[in-house]
Trainee: 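The structure that follows is given in the form of C-alpha cells.
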Amino acid sequence: MLVTWFFGLKDGRCAEVDDILPDGFRMKKGDGLYYMAYAMGRMPYIWGEDAEDFRPERWLNNGVFQPESPFKFIAFHAGPRICLGKDFAYRQMKIVATALLRFFRFKLADDTRKITYRTMFTLHIDGSLNLRAIARTKS
C-alpha cells in the first residue's frame with residue numbers, strides 16, 4: 001500500500017481472487033500487488049549471482065543479441081502497458097552506439113574509481129563518469 005499512498009493513486013492493482021504466485025507466495029482477495037523494477041533488475045534469483053554487475057554481454061549469444069522476456073526485463077514494462085517509445089529508444093541507442101564504437105574505443109579516465117549510481121526514478125551515476133575516447137586507427 002506504500003506505493004499507492006506515495007503516488008496518490010486510488011485504483012491500485014489488487015488481487016481479484018485468492019491466488020498463489022509462481023514463487024509460492026499466497027495472495028488473498030483484495031491484497032495489493034506491486035513490483036519494484038529496480039529490485040527485480042538486481043535479483044540473483046532472476047539474473048544470477050552477478051545480477052548487480054554491469055554486463056551487457058549477458059544478452060549476447062555468440063555475438064548475437066538474445067532478448068529476454070519483457071516480463072523479466074521490465075525497464076519498458078510489458079503487456080498492454082508497454083512503453084510506446086521502446087522501439088524508438090532501442091533504435092536510437094543502436095545508431096548512436098554504432099557510430100561511436102566505429103570511431104572510438106572508450107576507457108575509464110581513472111581505472112581505480114568504483115562507479116556507483118543513485119537510486120531515483122531513473123538511475124543516475126553518482127558523481128560523474130569520466131571516460132577517455134581513444135580514436136581507432138585504420139587497420
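The basis for the numbers below is simple: all heavy atoms, side chains too, and nothing from hydrogens, waters or symmetry mates.
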Trainee: Using 0.5 Å steps for rounding, measure from the CZ atom of Phe104 to the CZ atom of Arg102.
Mentor: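 With rounding to 0.5 Å, CZ (Phe104) is 11.0 Å from CZ (Arg102).
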Trainee: Starting from the C-alpha separation in whole Å, work towards a yes-or-no answer on side chain to side chain contact (heavy atoms under 4.5 Å, CB included) for Phe106 and Leu101.
Mentor: CA-CA 8 Å; Phe106 295 91; Leu101 293 174; 4.3 Å; yes
Trainee: Looking at every non-hydrogen atom in both residues, tell me the closest pair between Arg42 and Tyr117 and how far apart they are.
Mentor: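 Reported closest heavy-atom pair: NE-OH, 2.9 Å.
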Trainee: Does the side chain of Asp18 reach to within under 4.5 Å of the side chain of Arg26, using non-hydrogen atoms?
Mentor: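 When only atoms from C-beta onward are counted, Arg26 and Asp18 do not touch, as no gap falls below 4.5 Å.
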Trainee: To the nearest 0.5 Å, what is the distance between CH2 on Trp59 and CD on Gln66?
Mentor: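 Rounded to the nearest 0.5 Å, the CH2-CD separation comes out at 13.0 Å.
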Trainee: Identify the two heavy atoms, one from Arg113 and one from Leu108, that lie closest to each other, and give their separation to 0.1 Å.
Mentor: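 The pair with the smallest heavy-atom distance is O-CD1, 4.5 Å.
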Trainee: How close do Met40 and Trp47 get, counting heavy atoms only, and between which atoms?
Mentor: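 That would be O-NE1, 3.2 Å.
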Trainee: Determine whether a donor-acceptor pair (N or O, by modelled atom type, separation under 3.5 Å) exists between the side chain of Arg118 and the backbone of Gly127.
Mentor: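 The answer is no, because no donor-acceptor pair under 3.5 Å joins these two groups.
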Trainee: Quick check: are there more than 12 heavy atoms from other residues, nucleotides or ligands sitting under 6.0 Å from CZ of Phe65?
Mentor: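 Yes, enclosed.
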Trainee: List the steps and the verdict of side chain to side chain contact (heavy atoms under 4.5 Å, CB included) for Ile125 and Thr116.
Mentor: CA-CA 6 Å; Ile125 291 177; Thr116 58; over 6 Å; no
Trainee: Is a side-chain N or O of Asp110 found less than 3.5 angstrom from the main chain of Thr112, in a donor-acceptor match?
Mentor: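 Yes; judged by distance alone, with no hydrogens or angles, the pair exists.
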Trainee: I need the Lys29 NZ to Glu16 CD distance, nearest 0.5 Å.
Mentor: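 Here the rounded value is 8.5 Å.
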Trainee: Provide the closest heavy-atom pair for Met27 versus Gly32 in the form atom of the first, atom of the second, distance.
Mentor: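 It is CE-O, 3.9 Å.
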Trainee: Enter the distance from Lys86:NZ to Leu84:CG here, rounded to the nearest 0.5 Å.
Mentor: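 Interatomic distance, Lys86 NZ to Leu84 CG, rounded to 0.5 Å: 11.5 Å.
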Trainee: Look at Asp50 together with Arg58 and state whether they make a salt bridge at an N to O cut-off of under 4.0 Å.
Mentor: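 Between Arg58 and Asp50 there is a salt bridge, with a charged N closer than 4.0 Å to a carboxylate O.
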Trainee: Work out which heavy atom in Gly79 is nearest to a heavy atom in Phe71; give both atom names and the distance.
Mentor: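 Here Gly79 and Phe71 meet closest at N-CZ, 3.7 Å.
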Trainee: Do Phe103 and Val96 sit in one hydrophobic cluster, given that two such residues count as connected whenever their side-chain heavy atoms are within less than 4.5 Å of each other, even indirectly?
Mentor: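 They do share one cluster, since a chain of ILVMFWY contacts under 4.5 Å joins Phe103 to Val96.
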Trainee: Return the minimal non-hydrogen interatomic distance between Ile82 and His77, and the atom names on each side.
Mentor: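 Looking at all heavy atoms of both residues, the closest pair is CG1-O, 3.7 Å.
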Trainee: Rounded to the nearest 0.5 Å, how far apart are CG of Leu131 and CG of Leu100?
Mentor: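 It comes to 10.5 Å.
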Trainee: How many angstroms lie between atom CD1 of Ile20 and atom CZ of Phe25, to the nearest 0.5 angstrom?
Mentor: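 Atom-to-atom, Ile20:CD1 and Phe25:CZ are 11.0 Å apart.
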